[in-house]
Amino acid sequence: MEQSYRIFNSIDELSQFFAEKLASLVKEIPPGRFFSIALSGGSTPRLVFKYMASNFRDRIDWQKVLVFWGDERCVAPESDESNFRMAKESLLEHVPIPANNIFRIKGEADPNVEADRYAEAVRQHVPSTLNIPQFDFIMLGLGEDGHTASMFPGNLHLFSSDKLFEVTENPNTKQKRITATGKMINQARHVVFLVTGESKAEMVSCIIERKDDWQKLPASKIHPENGELLWLLDDRAAMKLNVFIR
Ligand code: 6PG
């Protein structure tokens, strides 16, 4: 696994780097092949998506991109909690991506039924390696509690699950979630954490610098064995990192 960190002074600089990386990876895809990406949710990606909608509408061949989600809240797509709605409004309706290239997790459906349906949809559209769909690119965020996607602390069994997607629950709100499991995330070619804000600084330092009970945290279990793990941080999220990494 190749692991690296980049620290940026602003969300625009982080977004520019992220979008340029995505654009170059999509460009490398041979004709007739699709580029598969799993989006993350929450507030951080929204700003990145808006930047891409404004600056990369014509710099990415969206026809070649298949969009999935790494997790979704079990809510209707119209809900302001929906990761699909956030991505649709901040990015997808502003770029020329075919509707058939967008595979949302149906938050309004029965969670267990949908987790299995979605897993099958991923299997059908994302080529597998060793019988696990291998995404070209997976975006992840980091919660202040060390969760990522919707894999929360106390649920490390999700890294040994043979399922591609499982139903989880936000321990604070009891909101049901559908999340990609650890094995599928760790199968991806490029896994990119996007973490911003001072509120994440302690957790960023804990995981990257392996402090305290770091091994109990889901985000610390993300290590794409045969891929790249890249941390994109703003300077506030990185403020507690040791100098050697900066
Ligand atoms: C979600 C996300 C979740 C998110 C982190 C960070 O559905 O909420 O997938 O894992 O990435 O909670 O969220 P923020 O970027 O909003 O801090």
Side-chain angles (χ1 to χ4, degrees), residues 8 10-12 14-15 18 37-52 67-77 79-92 103-108 111 114-115 118 122 135 137-156 158-159 164-182 184-186 188 191-208 217-222 229-239:
F8 302 90
S10 72
I11 188 69
D12 279 2
L14 186 154
S15 302
F18 176 86
I37 183 171
L39 306 182
S40 60
S43 58
T44 302
R46 182 193 307 272
L47 298 174
V48 176
F49 293 161
K50 284 186 171 182
Y51 185 92
M52 289 172 66
V67 172
F68 298 83
W69 276 261
D71 69 324
E72 182 58 281
R73 291 82 179 276
C74 293
V75 296
S79 165
D80 57 9
E81 283 277 293
S82 165
N83 289 338
F84 164 76
R85 176 179 169 186
M86 181 273 283
K88 174 172 169 282
E89 293 180 347
S90 53
L91 176 62
L92 300 177
F103 302 83
R104 77 177 178 92
I105 299 174
K106 295 178 180 173
E108 71 276 24
E114 178 59 14
Y118 198 70
V122 168
F135 274 90
F137 198 103
I138 293 185
M139 286 176 72
L140 292 175
L142 176 68
E144 291 175 35
D145 61 356
H147 81 260
T148 191
S150 285
M151 297 190 283
F152 295 92
N155 289 278
L156 295 188
L158 293 167
F159 285 86
L164 301 181
F165 288 83
E166 293 239 25
V167 178
T168 63
E169 186 178 275
N170 180 321
N172 304 313
T173 65
K174 306 304 179 197
Q175 182 186 60
K176 288 228 180 294
R177 303 280 190 95
I178 291 172
T179 187
T181 55
M184 195 172 72
I185 293 172
N186 284 329
V191 178
V192 182
F193 274 103
L194 290 87
V195 190
T196 60
E198 187 174 348
S199 68
K200 307 291 177 70
E202 190 60 46
M203 188 49 70
V204 164
S205 170
C206 173
I207 291 173
I208 289 181
L217 302 169
S220 73
K221 300 289 180 189
I222 299 299
L229 177 60
L230 173 61
W231 288 79
L232 303 184
L233 308 165
D234 74 352
D235 47 7
R236 292 170 302 149
M239 65 192 292

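Both ligands and their constituent atoms are indexed starting at 1 by order of listing.
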Counting non-hydrogen protein atoms only, what is the nearest one to atom 2 (C) of ligand 1? Give residue, atom name and distance. Asp71 OD2, 3.5 Å
Ligand 1 to Ala149 polar contact by distance, N or O atoms, under 3.5 Å: yes
Arg73: which of Glu169, Glu108, Glu81 passes salt bridge (Lys or Arg N to Asp or Glu O under 4.0 Å): Glu81
As a test of understanding, state which of Thr196, Leu232, Asp235 forms a side-chain contact (heavy atoms from CB on, under 4.5 Å) with Phe8. Leu232
If we only count N/O pairs under 3.5 Å, is Thr148 in contact with ligand 1? no
Min N/O separation Asn83 to ligand 1 under 3.5 Å: yes
For atom 4 (C) of ligand 1, grab the closest protein heavy atom and report residue, atom and distance to one decimal in Å. Gly41 O, 3.8 Å
Parallel, tilted or perpendicular, judged at 30° and 60°: which one describes the rings of Phe68 and Phe103? parallel
Could you walk me through whether Ile208 and Leu233 satisfy the side chain to side chain contact (heavy atoms under 4.5 Å, CB included) test, starting with their C-alpha distance in whole Å, then the side-chain angles of each, then the deciding distance to 0.1 Å, before giving a yes or no? CA-CA 12 Å; Ile208 289 181; Leu233 308 165; 4.3 Å; yes
Note: Pro153 and Pro218 closest approach over all heavy atoms is N-CG, 3.7 Å
What atoms of ligand 1 come closer than 4.0 angstrom to any heavy atom of Leu142? 6 (C)
Passing candidate, ring-ring contact (aromatic ring centres under 6.0 Å, His included) with Phe18, options Phe193, Phe49, Phe137, Tyr51: Phe137
For ligand 1, which atoms have a heavy atom of Arg177 less than 4.0 angstrom away? 1 (C), 7 (O), 8 (O)
Using every non-hydrogen atom in the two residues, find where Val191 and Ile185 come nearest and quote the distance to one decimal. CG2-O, 3.5 Å
Closest protein heavy atom to atom 15 (O) of ligand 1, given as residue, atom name and distance to 0.1 Å: Thr44 OG1, 2.6 Å
Starting from atom 17 (O) of ligand 1, find the nearest protein heavy-atom neighbour and note its residue, name and distance. Lys200 NZ, 2.6 Å
Contact between Arg73 and ligand 1, counting heavy atoms under 4.0 Å? yes
Counting from 1, what ligand 1 atoms have a heavy atom of Gly42 closer than 4.0 Å? 1 (C), 8 (O), 16 (O)
For residues Gly42 and Met86, report the shortest heavy-atom separation together with the two atoms involved. O-CE, 3.3 Å
List ligand 1 atoms under 4.0 Å from Gly141, heavy atoms only on the residue side. 11 (O)
The atoms of ligand 1 lying under 4.0 Å from a heavy atom of His147, numbered in the order shown, are 3 (C), 5 (C), 10 (O), 12 (O)
Heavy-atom pair with the smallest gap, counting every atom of Glu166 and Thr181: CG-CG2, 3.4 Å
